[in-house]
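By convention in this document, chain letters (A, B, ...) are assigned in the order of the sequence lines, proteins followed by strands, and residues within each chain are numbered from 1.
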Protein chains: 2
Amino acid sequence: MSVTIYDVAERAGVSTATVSKTLSNTPYVSEKTRRKVLQAVAELGYRPSAVARSMAQGRTHTLGCIAPNLTDYTFASMIEGAHAEARRRNYFVLTGSAEEAADVKPLLEEMLARQVDGLLVINPHVDARSEFVRPLVEQGLKVVFLSPSRRTSSVLSVSCDNTTGGYQATRYLLGLGHHRIATIVGPGNEAWTLERLAGYRKALLQQGIAFDPDLVSRGDWTPESGYRCVHELLDGGRDFTALFAQNDKMALGAIRALRERGLDVPGDVSVVGFDDIPLARYFDPPLTTLHQPLQSFGEHAARLLIRAIGEPDRAQESLSLAAELVIRESCAPPSRPSLSRR
Amino acid sequence: MSVTIYDVAERAGVSTATVSKTLSNTPYVSEKTRRKVLQAVAELGYRPSAVARSMAQGRTHTLGCIAPNLTDYTFASMIEGAHAEARRRNYFVLTGSAEEAADVKPLLEEMLARQVDGLLVINPHVDARSEFVRPLVEQGLKVVFLSPSRRTSSVLSVSCDNTTGGYQATRYLLGLGHHRIATIVGPGNEAWTLERLAGYRKALLQQGIAFDPDLVSRGDWTPESGYRCVHELLDGGRDFTALFAQNDKMALGAIRALRERGLDVPGDVSVVGFDDIPLARYFDPPLTTLHQPLQSFGEHAARLLIRAIGEPDRAQESLSLAAELVIRESCAPPSRPSLSRR
DNA sequence: ACGGAATAGTTAAGCGCTTTCCTATTATTT
DNA sequence: AAATAATAGGAAAGCGCTTAACTATTCCGT
């Protein structure tokens, strides 16, 4: 049906080995032969089968990528970065989403069945100690995590310094004069949540302000949850003049809730988000937030992974890129004295 | 290195053919043998190689999907839907992005080299008449387009009825009493733009209002462009009491620009968007927009494609799902008489 | 009890490449 | 001019599955 390497070999009057060598730029093919082969390739419209090549080489030039979903801007950006870098290096990325922890295993199985050469993991349900991943790593599969994780020498990871990010956000609010700073966090077991919260606590501590668990409200990254959290905080009588939402979507939901309660942003409550999604600058008010180079995460991750595949014995390294505070208009100095100051 | 079908066959004391048949549920394998095989599989942790299977069967159980990018919510949703449906049917989706028309060809080539069984196309630069796609379709490759396209019997497509969507948006504004309705459109050569604009014109016409090209401003789907368009419209002295932005992101940019010019939404200008992205209900004001079942598009597309692959001779069909107007708070009756009414 | 179906399992030929040996030719050195 | 090295090209053995074709066994009905 389709044209194979045999057709090309025949047409060029050489063996399939020579065709293969020509196409893979192996030395020791004369210029004359090379030309003949190339011409036959062009004439027949030959396109080597990646499947057959994978079969013969035992490498698929494919990276598996697993994320909770494909629609969240942060995941999508990292994936896009990984795709771009992979393609530049002649790899492809096979993406799959697994929202629930239980979906991870079957997805992983299928990716392995497809013989991916390495794995990119954005999923919070999976880390280096996970029961699924550990045996694979031990068997030599290269994995890079696109989430904060303890640096270990056996595993690669690329991520933003979330702790410093959380610290910067809080520090900024503190600098503006706020003392009662509420925070809306993500699901409790996710590294992103934990690190950003740690940064928040660190900034507070440094300023001599006691950490108040009542000022922490748990969301799930959705705007709905941000909205709900603010109402809960307010219904619970919590007093605060600033709010650090661990992502922009929750920040937006929070702003709406604040308005509904008659609170002006930033007049009555300052808000800072995290991620700097493209719409954040068009929010009302434009959102002050922490910009993460998401696309770069993906690019670096793919680069590191591909290198690890090529040089299996190289020491694994982890990368941590900085988040950058983008100041817009959602923050202001506190206008009313906070209760904590009496 | 990894365990193959030979290892399983040996362990179970049968031939590889029997193992293969057992695993693919071919009839005529005794219960006893089946059990032996399954046990050997379990004991060895055997995982069939999808690559070898593809090689032998000539089918990869992989769908190629090409979109302009992976981060736009609309594309990502369709892709996610396609992924989900594909996995349910034992397929995988290999995604690639090509923003520029020139990037499409190499991407397509690579996907074909990877022997995708079918193609999902979300890219506006590619349609059924495209020079890249036509020969492939003629060679029997199954393709489904996830964009509006003329129904032809040789090609599948799934999309929203964009014309009716544009019509509904405009109709709604007209019903509120608006007569001077500006519109911000997408790039001129994209089917989405064209259809939504056609719907807009149809609604106007039906109401006996002449189409005024001066009220049409061209954006590129980004919030920045929506922002710019409004300023241009206003700088050009265009008078309008309502605005139909062809997507939510441009609508958000437009709202910001309107505010900057001292215009209240919906007090002075009503705005309607298109897409109903998750954040739209949290915009200020919550955006009235057309909801598209994006995920469903992707699911249907994958389903149709897989069916077409399985039954190559079946007549191709196209699906058009309806967009639904979601009324929120960004529209109101006009408060000032529009110039056109003198 | 016998012939033909139905059932169970095996053999072996691919699928389209890559790659390791080999052999043959040409260039270089002494 | 002979020995050696460098360069060119080919033969053939896989890679790990599937599947057509075939053989062997069991089960019927008559």
Side-chain angles (χ1 to χ4, degrees), chain A residues 1-41 44-62 90 109-110 112-117 310, chain B residues 1-41 44-62 90 109-110 112-117 310:
Chain A
M1 172 183 150
S2 67
V3 20
T4 74
I5 200 169
Y6 288 99
D7 302 324
V8 177
E10 192 179 356
R11 177 117 180 184
V14 299
S15 73
T16 62
T18 302
V19 175
S20 176
K21 283 174 183 161
T22 302
L23 264 20
S24 59
N25 287 311
T26 304
Y28 304 145
V29 174
S30 71
E31 190 49 39
K32 202 173 111 199
T33 309
R34 157 167 270 110
R35 236 193 292 281
K36 269 195 305 186
V37 170
L38 260 21
Q39 185 179 348
V41 165
L44 295 169
Y46 171 66
R47 193 184 292 123
S49 155
V51 174
R53 176 173 291 168
S54 300
M55 175 99 259
Q57 292 186 140
R59 314 253 276 23
T60 52
H61 273 245
T62 302
N90 251 300
E109 291 287 351
E110 283 187 55
L112 293 172
R114 281 173 184 256
Q115 324 263 88
V116 293
D117 293 339
Chain B
M1 172 184 148
S2 67
V3 19
T4 75
I5 199 169
Y6 289 100
D7 303 323
V8 177
E10 192 179 355
R11 176 116 180 186
V14 299
S15 72
T16 61
T18 302
V19 175
S20 176
K21 283 176 182 159
T22 301
L23 263 22
S24 59
N25 287 310
T26 303
Y28 306 146
V29 175
S30 72
E31 191 50 38
K32 202 173 112 200
T33 309
R34 155 168 270 110
R35 238 193 290 280
K36 270 195 305 187
V37 170
L38 260 20
Q39 185 178 348
V41 165
L44 295 169
Y46 171 66
R47 195 184 290 124
S49 155
V51 175
R53 177 174 291 169
S54 299
M55 174 99 259
Q57 292 186 141
R59 314 256 271 30
T60 53
H61 273 247
T62 302
N90 252 300
E109 291 287 349
E110 283 187 55
L112 293 173
R114 279 170 186 259
Q115 324 263 88
V116 294
D117 292 339

Per atom distances to the A/Ala17 side chain, the nearest of C/dG16, D/dG10, D/dC17 is D/dG10
Can a donor-acceptor pair be found between the side chains of B/Thr60 and B/Arg53 at a distance below 3.5 Å?
-> no
Indicate, with a heavy-atom threshold strictly under 4.0 Å, whether A/Val51 touches base, sugar-phosphate, or nothing.
-> nothing
Against the side chain of B/Arg53, the closest entry in D/dC17, D/dT19, D/dG10 is D/dC17
Length of the line joining B/Leu23:CG and C/dG9:P, which is rounded to integer Å = 15 Å
Heavy atoms under 4.0 Å, any strand shown: does B/Ser15 hit a base, just sugar-phosphate, or nothing?
-> base
Proximal nucleotide (of D/dC17, C/dT10, D/dT18) relative to the B/Ser20 side chain = D/dT18
Between the side chain of A/Thr18 and the main-chain N/O of A/Val14, is any donor-acceptor distance below 3.5 Å?
-> no
Rounded off to whole Å, could you give me the CE-to-P distance for the A/Met55 and C/dG14 pair?
-> 17 Å
Tell me, which of residues 26-37 of chain A have any heavy atom that sits under 4.0 Å from an atom in DNA chain C?
-> none
Take the protein atom CZ of A/Arg114 and the nucleotide atom P of D/dC17, then report the distance between them rounded to whole Å.
-> 15 Å
Base, sugar-phosphate, or nothing for A/Thr4, non-hydrogen atoms under 4.0 angstrom?
-> sugar-phosphate
Side chain A/Ser20, main chain A/Thr16, donor-acceptor under 3.5 Å = no
Can you find an N or O donor on one side and an acceptor on the other, under 3.5 Å apart, linking the side chain of A/Tyr6 with the base of C/dC15?
-> no
Which of B/Gln39, B/Lys32, B/Glu31 passes side chain to side chain contact (heavy atoms under 4.5 Å, CB included) with B/Arg35? It is B/Glu31
Check residues 4-13 of chain A and write down every donor-acceptor pair under 3.5 Å in which the side-chain atom is one partner and the other belongs to a residue at least two apart or another chain.
from    : atom 1 : to      : atom 2 : distance (Å)
A/Thr4  : OG1    : A/Tyr6  : N      : 3.1
A/Asp7  : OD2    : A/Thr4  : N      : 2.8
A/Arg11 : NE     : A/Glu43 : OE1    : 2.8
A/Arg11 : NH2    : A/Glu43 : OE1    : 2.7

Compare the minimum distances between each of C/dT10, D/dG10, C/dC15 and the side chain of B/Lys21, then state the nucleotide with the smallest one.
-> C/dT10
Figure out the CG/C1' separation between B/Leu44 and D/dG16, and round it to whole Å.
-> 15 Å
B/Val14 vs B/Gln57, nearer the 5' end of DNA chain C by closest nucleotide = B/Val14
Bend angle of the helix from C/dA1-D/dT30 to C/dT30-D/dA1, from helix axes over five pairs at each end, nearest 10° | 30°
On a heavy-atom basis, the closest approach of B/Met55 and A/Val51 is N-CG1, 3.7 Å
Starting at CZ of A/Arg59 and ending at P of D/dG14, how long is that distance when rounded to a whole Å?
-> 22 Å
Under 3.5 Å, is there a donor-acceptor pair between the B/Thr62 and A/Arg114 side chains?
-> yes
Separation of atom CD1 in A/Ile5 from atom P in C/dG16, rounded to whole Å | 11 Å
Counting only side-chain N and O atoms of B/Thr18, is one of them less than 4.0 Å from OP1 or OP2 of C/dT10?
-> yes
Given atom NE2 of A/His61 and atom P of D/dC15, what is their separation to the nearest angstrom?
-> 19 Å
